[in-house]
Structures are given as structure tokens and as C-alpha cells.
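Reading through the C-alpha cells given below for one structure.
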Number of protein chains: 2
Amino acid sequence: MPSYTAPVKDMQFVLNEVLNISKYSNMPGYSEASPDLVAAILEEGGKFCENEIAPLNLSGDHEGCVRHDDGSVTTPKGFKAAYDLFVESGWTGLTSPEEFGGQGLPHVLGFCLEEMMASSNMAFAMYPGLSAGARASIELEGTDEQKNRWLPKMVEGVWTGTMNLTEPHCGTDLGLLRTKAEPNDDGSYAITGTKIFISAGEHDMSENIVHLVLARLPDAPKGVKGISLFIVPKFDVNEDGSLGDRNSLVCGSIEEKMGIHGNSTCVMNYDGAKGYLLGEPHKGLRAMFIMMNAARIGVAVQGYAQSEVAYQNAVDYANDRIQGRALTGPKAEDKAADPIIVHPDVRRMLMNARSFNEAARASAMWCALLIDLSHNSESEEEREWAADIVSVLTPVMKGVFTDRGFEYAASSQQVFGGHGYISEWGMEQFVRDARITQIYEGANGIQALDLVGRKLGANGGRAIQAFFKLVGRFLSDNKDNEKLADFVAPLSAALSDLQGATMWLMQNGMANPDNAGAGSTPYMHMMGHVLLGYQWAQMAKIAQDQLDAGTSDPTFYENKVITGRYYMKKRLPETKALLAELEAGADDVMALEAANF
Amino acid sequence: MPSYTAPVKDMQFVLNEVLNISKYSNMPGYSEASPDLVAAILEEGGKFCENEIAPLNLSGDHEGCVRHDDGSVTTPKGFKAAYDLFVESGWTGLTSPEEFGGQGLPHVLGFCLEEMMASSNMAFAMYPGLSAGARASIELEGTDEQKNRWLPKMVEGVWTGTMNLTEPHCGTDLGLLRTKAEPNDDGSYAITGTKIFISAGEHDMSENIVHLVLARLPDAPKGVKGISLFIVPKFDVNEDGSLGDRNSLVCGSIEEKMGIHGNSTCVMNYDGAKGYLLGEPHKGLRAMFIMMNAARIGVAVQGYAQSEVAYQNAVDYANDRIQGRALTGPKAEDKAADPIIVHPDVRRMLMNARSFNEAARASAMWCALLIDLSHNSESEEEREWAADIVSVLTPVMKGVFTDRGFEYAASSQQVFGGHGYISEWGMEQFVRDARITQIYEGANGIQALDLVGRKLGANGGRAIQAFFKLVGRFLSDNKDNEKLADFVAPLSAALSDLQGATMWLMQNGMANPDNAGAGSTPYMHMMGHVLLGYQWAQMAKIAQDQLDAGTSDPTFYENKVITGRYYMKKRLPETKALLAELEAGADDVMALEAANF
């Protein structure tokens, strides 16, 4: 069975040394987040993940969820008890506002918990994960009455939530949506329609499930401008907060799928179910997109979380498994063969994953800080700047971190040879589970299009220019730092490639939008490289400073420099090939007649 | 349910126009392979695959194989009937020698059948596939008595065969092998040991199963020089050819695995089972490697076969599914949305797969011709030359075609969005099935090491120089052909990168073998690009000539040029990034202490 160790030390490095969160004590939550409290939360959260939910990952995959004839769903053995413990320990409200019973701690801490949960048991983590998304929408769009009615129990975790967007004939293109909402006499609405791919749509872990459902009002304009959002609870809630009538909605079936078997992916049938309008009529997508943007970053975290746990297990196996001898002569002479970690090609796979995981973690935690800054900075300029950077980072992290997460889950599986293909080792589950992250919350091609078609050009390119400026400033500040030469030169080259690509898109994407479409995925991956390279350059500088200052823990910082240098020299040059692909344009992509494929 | 259409026309194009097999009528089998016979075989083989085994792929995956308490194994519903039909139709002996009942047709035809079978139902195809490998070993190493005893029934298909290499503690490093062979009084041996990952190790499709088992004789030297090969039949065979005693070997369990559920992957327990020495004592690996090299090319075929069938289904979906509008304005104005094939990023995924599939097919079929030439050419020089090229192509095709096969099975799944993750669409099965091809018959890292550590340097680099010469000759022959400029320039650049990489390895791999190890996978993929680019350049030239001559089927040839140009401009530049990775050397790969990972 695979194992998991929460990367608490690395998270502390990012929080305390890279992000230096103590600087932000003027922001809500940050003043409470003392180094001691942070340490305690990471330790305790890590233990919960390592001891309570990681052991249920393989069995949960094997067992899956079971739908009964009455539409009820049983989650895999142990899931409910673990969830109860999760709720009792107060984890569901970690970053929620104190007024609804949360602890109001910074998002950077929430991301750490999300990563640890996704690494240990992604299917389990999705139950509270989806719930958090639904909660955030009610927080943003709900009336005071709605907030008070729904949020406390959701923050407490005794109720969970879901997002209901997709229908059989429409996923990406929500304009095609058909679910109807008809006014009832009491001000509520009757919701009728079928939703598919509803994660955590029905289960046995919470007392109530608060579905957020996209539907059309009778007078709705066609297309995406006629979609409203509704709160549609499994059980209605009385004035006094007690549970009322069972609503007329039911899980019609559970999808048989490639992975995340421990999470119930439901077809949900709404048959005149009672719903409450959330936010303004016809403005449902706005709220849904706020939720979705948060969810996209959450999925990015799942991406590297799967790579991280797969990497950890591949390291253990590579150190244990003896097979063959090192190319430079035997290393474990007392054994019949050397551990396979002596082989450069095995290390190549491990270093690819490691050098991605650590930089992806740093990126995501930085993004979490930026989210907090975008809401709570005292400076309007900084709020806008932070929101800009988050807006361009979101699709990049979702697309790139999940593409790489899947790739490195698979290469970590590869380290196991034939055993990696066998279910009991658990490696193939990481690959199957990671695969969904490239698909849901907007398939990665949609992320790339969002980046190139929407985010790049917004406000005259303000956001991407802010990102370039940030990286450029680091480069100019460190251009004479000889100890960082291995970082500055490759990052500078990659940034130049990315800027060249941006220029190319500006010059060629307007004249022919297909050029932008054809170049969107290569562009997204180029930006991913620059983002990760930028994180590495920053981390290497901090590590180098620590080493120069005679740190008491040189190994940790030396490893940072080694891992970062690997990324800069081995992975970053991919921007060259991506730029060539982008600059080759759309002609050869579009030339074949659709009927001739 | 996914569908499959055998690419008969494309195979005929490769056979008749690219390879021009009619030129080789002086070789055994080729004189019989008239265009009419070839057409009939491809048509009939295609129909068998499309109608008989493709429909069993999804159900076979879902149902899997069942082991009963007595060790017997039942294959999924329909498998046995389909296999019986396969045998009755004479497919098992297509390329086998006529003296043992085969049809003696060229390997190029055998590869076509292998591809079609692997695309339609890889788990099914493995039963006859493994059998063919075992048969080839007996053909090469067996005494006349052994050949006459075992081959006719195996060629007929009523007996199948297996390969038994791996043990729980040893896969790649066969020197660690423990299975024992002790002489019996009658000249046979008693085989005792446990073998794992034995594909088709036990099943209900054939009357007998002929296991080829690696084991050690009592006086065997340690390591790989003390391994012998044995024929260990499920049922012994009497003098008159009738089945004799049930041997003391049993399937101990079936592995639960990521995919190929329709194939029984067995743990095989040999408990003093009666075996017959095949070939010389302690020389078992030689025979096994002959078999394995053939098997590796077979696995390369599986790689692009999975990409091909996944691509076909992605094309259908992309033409059917309507979602969103083309970036350049609506294309299907009568519909609520455009089919998603209008989106450049969807086409990018389809063109990646298509441009790989067609060139991989051409490469593999060329390799099949080279195998026939290496055995049967009248010129010793040509036999040696062909064997050289095959020797370097084998690891490249196995490693690259399966890495890309998996990648494009996954990107074809991606075209389906959320539906791709749902089992009933069948796309996720292609991904899970394709995944094994990167692992078995030598994990791809082993292929890369075989290429760089063994094949490159053999005979003073004769084989790789022969390959360079071939590509170089094409380039110089066509350097002034303006219509091929889009092919010649990128191929020339890629070849130059590959030659640079070869030089770098020669200069740096001797001094530090870890440099060769760390660069082996990038090198293998560079060579894959040059191989595929070379195929495209040749095919484009043929297609361009046809177009210039006013062919009656311009669409087919135009599509060849379009698809090839896509590969040259979009994919081939990856050699730049791979070269940078290779030239970055081993230092950063090996720097981290094993304990610090």
C-alpha cells in the first residue's frame, strides 16, 4: 500500500522564507497565523491526512460508491468516520469567516491543507472541497438571510455542498443549458432538469447537501445571459434551522469512471425541486465563475498533489528495489544488485517530478497570498495588482499543473516497472485519479483559451505586463549575482521566449483568431515554465543566502539549489520548442477538411 | 461504445507506394503477396477485427478474467468463440513457415494484422501475440524433433504459448533469477519456481499452453550466464502428438491491474514441472532476447495502434459534439453550436495523434520489411545492413511509439471532455491499456539504455551511421526540391540535432557513463523524431509526385502532405529542447544524495 508524508517542512519554508507571511499581519487572519500556530496546524493537518485518510485511498478506490434503489449512496468503508473526525476537529472552517463559525485563517494555510488532503485521498478530499466552493458562492452572492441560514452548518461541515453546471448535452458551452426554474407562490422556484458529473452529489457523510444549480427562469434571455443560480437543498431548512421536507431531487445513477472511485459522481435529477435564487436573476454565471476560479486553483493543487504522493512512493521504491548495477560500478557491493535509484534514467524521472512539485507548491501558495491581498490589502493599487496576477495565473496553474501532475504521476508509476501496473501498489490509482484534473472545472484546452483569448488582452494587457515586470525585476536585481547565474540566464531566456510568443500572438491572433487558438496550449505551457522557473530562481536565492550565512541546516538548502538547477537546465529549455510550435501558426492545424480526419 | 475502422487504404499506401513490396518478389513469401492477395488479406483481417473482436473490447475490460479454485481461468464472454473463429480462418499461421502449416507470408502483412488486432482489442490480441513469440523461439532454437512436436499445433493456433521471465524479485535484472531446473532420468528437467506477470499464462481458449520458462540448471554459473530456457507445457505431448499428462504447474492468481483486463496476467507456480531444454544450456537468454526483440517491435505496434483507435473515436466525437462557436465565426449556423472540430486546440490534439500514427505505421512496416531482408536478402551486405537498422530501430520504436501512443490515447480522451473519463465511452480504457506498453517487454528507460549503451556503439557505430546515411541521402537527393522545402529543412535540422547529440554522447559518455544514462531517454526521443520525420518526408515526396502527375485521388495525397507538414513544423522542433536536456549532462541528475530524495 502506498504511503504519504506531509511535506510540512517545505510548506514552512514557502510560508516563512519565500512568502514571508509575517509581513502581512495587517491583513485579517495573518495576525493570528503566528509561526507556532502555523506549525501546529500543518503538523496536525498532516497527521490527519497521513493517518486517517491516506489509509482509505486504495480501499476507497477498490470499493467505490454504491447507489441503492432509493437513490441513496453509500461511500466506501471508513469515509464517513473519517469525515466525522474531520468535522469534529474543525478543519472544514479553517479559512472561513469567523462570523459563520470559521477560524478565518489565511488562504495560504488552506492551500496547504488542500494539498495534503488531495495527496492522501483525492476522492475523499473532494467532498469538503466541493462544499467549500458552494460555500464561497453563498458568501459572495447570498442575502444576509441566506448566509445565516446556510453557511454556519456548511462551515461546521455537517452539511456539504455541490456545484451543478453540466448537462448531458452541454459542458463547456453553458449557453446550451436547459434546466428550468419556475416561480412558486412563496418566492421560491421549482427546479426541473438533469445534471451530470455532479461530484459528491449524493452520499452518506453529511446531514444535508446544499446543491447550487444553474437553471433558466421562464423569461430568461437565450444563451449565457439567461442563466440563474439557485440553492437547492436535499432537505429544506426550517426557520429555526432544523431540517424540513425532503426535496424532490434524486441521484439517478453513479457514473462508472476511470478513477476517483471513492467520490460519488452523480447524475442528479431535479423534478420540480424547491430552490432559492442566489444573487440576481440571469446573473448566475458570475457567481459560478467566482466559484469556478477558486475551484480551478484547487484543481491545480490536486495536480501537483498527485505528482507529490506518486513521487514520494517512487522514491521509496527506487531506494528499496535492487536491480542491476550502477553504470559507474557497483554501489551496494553487499547486495546482489544496486537500488535502482543509482540509475540516471530513474533519477531523471524522480527529479522531473520533484523539481515540478516544489515549484508548483510555491506558485500555488503565492497565488493564495495574492488572493488574500486582492481582497484585503490596504492599498487599492495592490489589490488590483494582486487580482491581475491571480487572473493570469489561474488558467496557467490549472492547465499546466494538472498536465504535469498527470505526467509525473505516470512517470513515478514507471519507476515501479511492472509492479506499477498492478493495483495493489497503488501507483496506477494516482495516474487514474490525476487524469480527471486535466478535464474537470474546464478542460485544459479551455484554460489555455481563457488565458490567451481573455486574460492576456484584458485591460490592455495589464495583468501579463505586471507578471513580466515582476520576473524582469528579479532578473535585473540579480543579473550580477554569480551564484545565481545558473538560474538567471535560463529564466531570462525563457522569459524572452514567452515575451516573443506574446508579441507573436498580438500580431497574428487579431488578424486570424485561429492563430491564437492553435497557439494557446503551447503558450500556456511556456508561461507555466516561466512561472515555475521564477519560483525556483527566488527559492534558490533564498537558499543560497542561507548557505552563505552558514545555516545550521545546509542539506535542506543545498537540495533546494540542486533541485532548482535541475529544473532550470533540464526543463526550462522546452520553451524553445513550444515557441516554435506556436510560431508555426494555425495554417497546418486547420488545413484538413473536417470530413477528412 | 467505441468503434474501429481498419486503416486498410493507408496500409496499402505504405505497402505498395512507400515500401513498394513488389520489388522484393525474390524473397520467400513476397512472390505470393500479390496486390490482390494483400488487398484481400487486409480487407478480411480488417473485417474480423472490426466485427468480431472490437465489439468485445469494452465488455472484456469490464468483465476481466476469472480464476477458479482449481487454478483454471475463464476469459471474458465471447473471447473463446472469437478465438476459435480466428483459428478456423487460419490467421494464426499468416507469417509462419509453410513446413509447419503456416502461410509463409511476409512480416509486413503480419504487422498490419497485429496493428488492427491491437487497435480493436489489445487484451485479446495478446493471446495469439505471446504465442507467436514463443513459436519464434522454438523455430530458432529447437531441435527438429522439438519443432515437429510443438510448432504445427501452435501455428494452427489450437495450442498457445507464453514467455516466463519475471520473478517477484527480478524483472529487468534477470541475473537475479532463482527458478530451478533439475535433470530427470529421462532427459527432461524438473522446473520449480514462481513467475509473475505471465500474460496469457492460463486461459480457456486453447487445448494446450506451451510455456517457455527461464530457469537455472544445478551447475549454472551465477548471473545472466547461467540461465537456460525450457519448454514447459501445460499438458505433456505424447509421441503420437496426442495430449499426455497434466504438468505440475498452476496459475496461482491473476493480477488486478490498471488495464488489459481481458488478458489473464498470471502468477505461475512451477512445482517440479516437466520441462524440455530449448537450445544450449546456460544460453537461454540468447533465445529469449531474439523473442524479446520481436516482441518489442510488437509492443511498438500496440503503442500506435492504441493511439490510432483512440484518434478515430476522438474524430467522430469532435465531428458530432456541438459546443461553442468557431473563433472565426459560426460554422454550423443551423445548429445551436458548432461541432468542436472547428476549435484549433481540438484539432491540435487530433493532428498530433494523426501525424504520429501514420508515420509510426510507416516506420513499423518498413522495419518489418527490413526484418525480412535481414533474413532473406540475397546479398550478405544487405542482410547485415538491414539487421543493423533493425537493431537501432527496435528500442526507438518500442520506447517512442509507446510513449507517444499513451500520450495520444490520453489527448484523444481529452477531446471528449468529461465524457472521456466515463467508462462507457471506452476512451479511458484505451489510456489504461496503452499504459502497459511503456512498461512491459523492457520498460522504456531500458529501451533508451539499450539504444545508447549497446546499439549505438556496436561495431564501431555501424548501425547508427547507416541510419544517418539513409536520412542524409534523402536530404541531399531532395535539397533542391522546392515542393519538399517544408520537409527537407526541418528534417535536416532535426538530423543535425541528433548527430550533435550522438557526438556529445561519444565525447561525454565514455568519461562518465552517467552522462549516457541521463541522456538516454532524450536521445531516444530525438531519434524517434528523426525516424518519423524521415517517414513523413518520404511519404510527402510520393504524395507530391502523385499530385504532380494528376492522380485521380488527390484528397488522399493532399491529406498526406498536410498531415506530414504539421508534423515537421509542429512536432519536429522538439529535438531542440531534447538536445538541450541531453547536453545539460548528468551532474544535476546525480547531485542529490539518494537519502535526500
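Fair warning: this is a prediction, and the values are worked out from it, not measured in the lab. Protein chains get the first letters and strands the later ones, always in sequence-line order, with residue 1 at the start of each.
- B:Arg432 touches chain A through backbone and side chain together, each having a heavy atom under 4.5 Å away.
- Two residues are said to be in side-chain contact when any heavy atoms from C-beta on lie closer than 4.5 Å; B:His343 and A:Leu449 fail this criterion.
- For the set A:Ala443, A:Gly171, A:Ala580, the entry with the most heavy-atom pairs within less than 4.5 Å of chain B is A:Gly171.
- In terms of heavy-atom pairs under 4.5 Å with chain B, the best-connected choice from A:Gly585, A:Ala594, A:Gly445, A:Ala577 is A:Ala594.
- Among A:Pro168, A:Gly519, A:Cys170, the residue with the largest count of heavy-atom pairs under 4.5 Å with chain B is A:Cys170.
- Panel note: side chain B:Gln323, backbone A:His169; a donor-acceptor pair is recorded below 3.5 Å.
- Classification of the A:Phe597-B:Tyr311 ring pair by plane angle, with boundaries at 30° and 60°, yields tilted.
- The OG1 atom of B:Thr563 lies 5.0 Å from the CG atom of A:Leu592; values are rounded to the nearest 0.5 Å.
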**OP:** With side chain to side chain contact (heavy atoms under 4.5 Å, CB included) as the test, would you mind laying out the steps for A:Val589 and B:Lys570 before giving the verdict?
**Re:** CA-CA 9 Å; A:Val589 180; B:Lys570 293 282 190 175; 3.7 Å; yes
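- The heavy-atom pair separating A:Gly418 from B:Ile439 by the smallest distance is N-CG2, 3.5 Å.
- To the nearest 0.5 Å, the span separating NE2 on A:His419 from OG1 on B:Thr166 amounts to 8.0 Å.
- Options B:Val315, B:Asp514, B:Leu578 differ in how many heavy-atom pairs under 4.5 Å they form with chain A, and the most are formed by B:Asp514.
- Both the backbone and the side chain of B:Ile436 come within contact range of chain A, each with at least one heavy atom under 4.5 Å from a heavy atom of that chain.
- Interatomic distance, B:Ile196 CD1 to A:Ile422 CD1, rounded to the nearest 0.5 Å: 7.5 Å.
- Contact tally against chain B (heavy-atom pairs below 4.5 Å) for A:Lys257, A:Met258, A:His62: the top residue is A:Met258.
- If you take OG1 on B:Thr172 and CD1 on A:Ile340, they are separated by 8.0 Å, rounding to the nearest 0.5 Å.
- Of all heavy-atom pairs spanning A:Ala591 and B:Arg347, the tightest one is N-NH1, 4.3 Å.
- Your options are B:Arg325, B:Glu256, B:Met427, and the one with the most heavy-atom pairs under 4.5 Å with chain A is B:Glu256.
- Among A:Val346, A:Asp345, A:Leu579, A:Thr555, the residue making the largest number of heavy-atom pairs under 4.5 Å with chain B is A:Asp345.
- Interface residue B:Gln413: backbone and side-chain heavy atoms are both found under 4.5 Å from chain A.
- The nearest pair of heavy atoms linking B:Ala337 to A:Asp173 is CB-OD2, 3.8 Å.
- Contacts with chain B were tallied for A:Met590, A:Glu574, A:Lys576; A:Met590 has the most, counting heavy-atom pairs under 4.5 Å.
- For B:Asn319, the part lying under 4.5 angstrom from a heavy atom of chain A is the side chain only.
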Subject >> Residue pair B:Gln414, A:Arg435: steps toward the side chain to side chain contact (heavy atoms under 4.5 Å, CB included) verdict >> reply: CA-CA 9 Å; B:Gln414 189 76 12; A:Arg435 185 69 184 89; 2.9 Å; yes
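- In this structure, A:Ser411 OG and B:Asn444 CG are separated by 12.0 Å, a value rounded to the nearest 0.5 Å.
- Between A:Tyr421 and B:Thr265, the closest side-chain pair of non-hydrogen atoms is not below 4.5 Å.
- B:Glu581 CD to A:Tyr566 OH: the interatomic distance, rounded to the nearest 0.5 Å, is 5.5 Å.
- Shown here for A:Gly517 and B:Leu327, the closest heavy-atom pair between the two residues is CA-CD1, 3.8 Å.
- Among B:Arg565, B:Arg321, B:Glu583, the residue with the largest count of heavy-atom pairs under 4.5 Å with chain A is B:Arg321.
- Of the atoms belonging to B:Phe406, it is side-chain heavy atoms, and not backbone ones, that fall under 4.5 Å from chain A.
- Proximity to chain A involves both the backbone and the side chain of B:Ala410, based on heavy atoms less than 4.5 angstrom apart.
- Residues B:Ile562 and A:Asp588 come closest through the heavy atom pair CG2-O, 4.4 Å.
- Between chain A and the options B:Met351, B:Glu255, B:Arg354, heavy-atom pairs under 4.5 Å are most frequent for B:Arg354.
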